[in-house]
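Here's the structure we're looking at; comments come further down.
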Amino acid sequence: MPLDVYDKIMMLAKRRGFIYPSFEIYGGSAGFYDYGPLGSRLKQNIENLWRNYYLLQDNCVEINTPTITLYEVLKASGHVDEFTDITVDCKKCKQSYKVEEIIEKNISIEDAFNNDKVKCPTCSKNLKDPYPVNLMFSTKIGIEQSRDAFLRPETAQGIFTNFHLLYRYGREKLPFGVIQVGKGYRNEVSPRQGIIRLREFSMAEAEIFFDPKDKTHPNFEIVKDEKLYLFDNEKEMKISLEKSVKTGEINNQALAYYMYLTQKFLMSAGVDPKKFRFRKHASDELAHYAQECWDAELYSERFGWIECVGIADRSAYDLSSHINSSKTDMYAMRKYDKPKIMKVKKIVPKMGVLGPLFKDKAGKIQTILENMKVNDIKKIYVKINDETLEIPKDCYNVVEFEEKQIGEKFIPHVIEPSYGIDRILYCILEHNYDEIKKKGEEYRILKLNAHISPIKVGVLPLVSDSRLIKIAREIDKNLRDAGIATYYDEGGTIGRRYARMDEIGTPFCITIDHDSIENNSVTIRDRDTTKQERKKIENIIKFIRDKISK
RNA sequence: GCGGAUAUGAUCUAGGGGUUAUGAUAGUGGCUUCCCAAGCCACUUGCUCGGGUUCAAAUCCCGGUAUCCGCACCA
């Protein structure tokens, strides 16, 4: 079988220090890859470009939270339950099934399997021995009295669990966004496809909190005429943000805006526009927390369309779960223009009567009564420890108070753009990989965008003449002092050195030749055109800076 | 997790029960002083791991691991 792009990229990636299989000397482990020297830089550049969009353009704030996450957090978020599938294998035809999909409803799993009520949908053999599959890595915190924990399957929960503090930090204004860039972990059943499906992966997530009554975005006006590449599972279309929201294709402005931001980021990172689209999730593929979700998909010649970004409307799901589980006040306040004076009826218990009547339960009854919402009261029942008690009328007064309300409390909704950095990185490599023939030989060029590429400038003395080397070394140092990543190379022939730089995606090569000694000038070679321009040495830094800025 | 295929220097690959394992690429040092992988010399790096069969295993057999393909999984 001839090598396809994937093979070629993985070969190049290993040879040139982008990506290595992890623990290879001990046989390796599926789903884990290391980033080598160039890969690490490339990844950092992609992450920092991403930060640019969210921290600067969208004015989000960044936080960092632990990758080890307490059981309670993921229980509340639904991951403990939703992330576990009860699975069963057929010993005859070797198929695996999710139990909930093949057993009759209203039957418990124990009953079904103990009484041979489950048959294999393929070969009708009785199925046995269901087992739970949880896709989170579990661990324990502490030695003796340990607490259960998991490696986080997403970075988002770290943001939700800090919502009340971050809301205050943002001076209680909505919308506001929080981002986190870091590792996530999923114990995949059978990871494959290189860095497309990892067990430990890098993600960049943003949680932008909105008033559910107002999912407009302040920047929407500016970009509303820009076009999005949408795919509705049938046909692809190019449609403006404004129109897509108007027709209901996209549920709200905020969602559309972050889709646009995503599209812009990916293009800037070097994604081929022809290999990009947004695909809407069908209702049966939505995650347990999502109301509407659009995936940014990138096309790979090997794998087809790959989900690289998910932009979900998670509504109030997470915050309300954490409010319920932790009893923390994570509400936001929608302020009225003028404070409202509300007439509120409240129950004022008469403890003098209640006390003797209910004795030790009186205290609890008091709290319940005081917090009760009051409309028209006829009889009041209170439930304490499964016992329902009727509270006689002479135990309380209903009093009307005037209450000043400055606004109403609500749970913010959240729009979540979530990016798989490793997948994006792979697709960028694939989309920018180019191969030409030079003198009958394969010649590889990685046409990475200048602001993404790990090395910006190759510094090459044409020949190893000590005068040229001296100038070259000085230029190299000055560039690095100016914060520009360089690669100094005086070995081998000049053509070979250009080839090396082309293969790792270095956009520019500065060559110091004999004229450099005479007139303080060098040539700057452009990777994609191979054209050379002669520049004064003192102008190099500015020239390169202009070229590599976004 | 199931089934199939594969596994030889950093990369690609030839071969194969018996002395020192083939070639190329890459890399290093030197010569060349050279603008797109030029040439010459020298050098560096290897049979996936464990067990078995055998006088002898990189080669045959079994198992593990990894990779690829198909099925299932991918909130």
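When reading the values below, keep in mind they use all heavy atoms of this one structure, side chains included, and skip hydrogens, waters and symmetry mates. To find a chain, count down the sequence lines: A is the first, B the second, and so on, and within it residues start at 1.
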Under 4.0 Å, counting only non-hydrogen atoms across every strand here, what does [X] touch: a base, just sugar-phosphate, or nothing?
{"X": "A/Leu12", "answer": "nothing"}
{"X": "A/Gln193", "answer": "sugar-phosphate"}
{"X": "A/Gly78", "answer": "nothing"}
{"X": "A/Tyr6", "answer": "sugar-phosphate"}
{"X": "A/Arg497", "answer": "nothing"}
{"X": "A/Arg199", "answer": "nothing"}
{"X": "A/Pro191", "answer": "nothing"}
{"X": "A/Tyr443", "answer": "base"}
{"X": "A/Leu462", "answer": "base"}

Per [X] side chain, nearest of listed nucleotides [options]:
{"X": "A/Arg192", "options": "B/C2, B/U11, B/C35", "answer": "B/C2"}
{"X": "A/Arg525", "options": "B/A37, B/C36, B/C68", "answer": "B/C36"}
{"X": "A/Val189", "options": "B/A66, B/A72, B/C34", "answer": "B/A72"}

Establish, from distance only, whether the side-chain atoms of A/Ser464 and A/Glu490 form a donor-acceptor pair under 3.5 Å. no

For [X] and [N], what is the distance between atoms [atom1] and [atom2] respectively, to the nearest whole Å?
{"X": "A/Leu198", "N": "B/A66", "atom1": "CG", "atom2": "P", "value": "14 Å"}
{"X": "A/Ile9", "N": "B/C12", "atom1": "CD1", "atom2": "P", "value": "14 Å"}
{"X": "A/Ile517", "N": "B/U33", "atom1": "CD1", "atom2": "C1'", "value": "12 Å"}

Let me spell it out: for each of A/Ser464 and A/Glu307, pick the nucleotide of RNA chain B with the closest heavy atom. Which residue's pick is nearer the 5' end? A/Ser464

On RNA chain B, check which nucleotide each of A/Lys14 and A/Gly495 is closest to and give me the residue with the more 5' one. A/Lys14

State which residues pass ring-ring contact (aromatic ring centres under 6.0 Å, His included) with [X]; sequence neighbours excluded, sorted by chain then number.
{"X": "A/Tyr299", "answer": "A/Trp305"}
{"X": "A/His79", "answer": "A/His288"}
{"X": "A/Tyr426", "answer": "A/Tyr6"}
{"X": "A/Phe210", "answer": "none"}

N/O to N/O distances under 3.5 Å, protein versus nucleotides 27-29 of chain B:
unit_1, atom_1, unit_2, atom_2, d
B/G27, OP1, A/Arg500, NH1, 2.1
B/G27, OP2, A/Arg496, NH1, 3.1

On the side chain of [X], is there an atom forming a donor-acceptor pair with the base of [N] - under 3.5 Å, no angle test?
{"X": "A/Tyr26", "N": "B/C49", "value": "no"}
{"X": "A/Ser190", "N": "B/A72", "value": "yes"}
{"X": "A/Glu188", "N": "B/C74", "value": "no"}
{"X": "A/Arg197", "N": "B/C73", "value": "yes"}

Could you work out the separation of [N] and [M] based on their [atom1] atoms and round it to a whole Å?
{"N": "B/U65", "M": "B/U48", "atom1": "C1'", "answer": "8 Å"}
{"N": "B/G15", "M": "B/A72", "atom1": "C1'", "answer": "39 Å"}
{"N": "B/U28", "M": "B/U53", "atom1": "C1'", "answer": "44 Å"}
{"N": "B/G29", "M": "B/C68", "atom1": "C1'", "answer": "40 Å"}
{"N": "B/A42", "M": "B/G52", "atom1": "P", "answer": "44 Å"}
{"N": "B/G16", "M": "B/A66", "atom1": "P", "answer": "30 Å"}
{"N": "B/C41", "M": "B/A24", "atom1": "P", "answer": "12 Å"}
{"N": "B/C47", "M": "B/A21", "atom1": "P", "answer": "11 Å"}

Can a side chain N or O of A/Thr493 be found less than 4.0 Å away from OP1 or OP2 on B/A38? yes

Determine: side-chain N/O of A/Arg302 to OP1/OP2 of B/C69, distance under 4.0 Å, yes or no. yes

Go through the steps to decide whether A/Phe18 and A/Tyr20 satisfy the test ring-ring contact (aromatic ring centres under 6.0 Å, His included), and finish with yes or no. CA-CA 7 Å; A/Phe18 285 91; A/Tyr20 310 131; 9.7 Å; no

Only counting residues at least two apart or in another chain, list the ones meeting side chain to side chain donor-acceptor pair (under 3.5 Å) with [X].
{"X": "A/Glu503", "answer": "A/Arg15, A/Arg16, A/Arg444"}
{"X": "A/Gln44", "answer": "none"}
{"X": "A/Asp546", "answer": "A/Lys542"}

Using a 3.5 Å limit on both pairing distances, list the dot-bracket string of RNA chain B from the 5' end; Watson-Crick and G-U wobble pairs count, crossing pairs take [ ], interstrand pairs take |. (((((((..(((.....[....)))((((((.......))))))...(((((..]....))))))))))))....

Sub-3.5 Å donor-acceptor pair from the side chain of A/Arg41 to the main-chain atoms of A/Ala485, do we have one? no

Scan residues 510-520 of chain A for pairs that pass salt bridge (Lys or Arg N to Asp or Glu O under 4.0 Å), counting only residues two or more places apart or in two chains. A/Asp513-A/Arg534, A/Asp515-A/Arg534

Can you list every salt bridge (Lys or Arg N to Asp or Glu O under 4.0 Å) pair that touches residues 446-458 of chain A, not counting sequence neighbours? A/Asp434-A/Lys447

Are any of the side-chain nitrogens in A/Arg147 or A/Glu72 under 4.0 Å away from the carboxylate oxygens of its partner? yes

For A/Glu292, is there an ion pair with A/Arg314 - N to carboxylate O distance below 4.0 angstrom? no

Under 4.0 Å, heavy atom to any atom of RNA chain B: which of residues 504-515 of chain A qualify? A/Thr511, A/Asp513

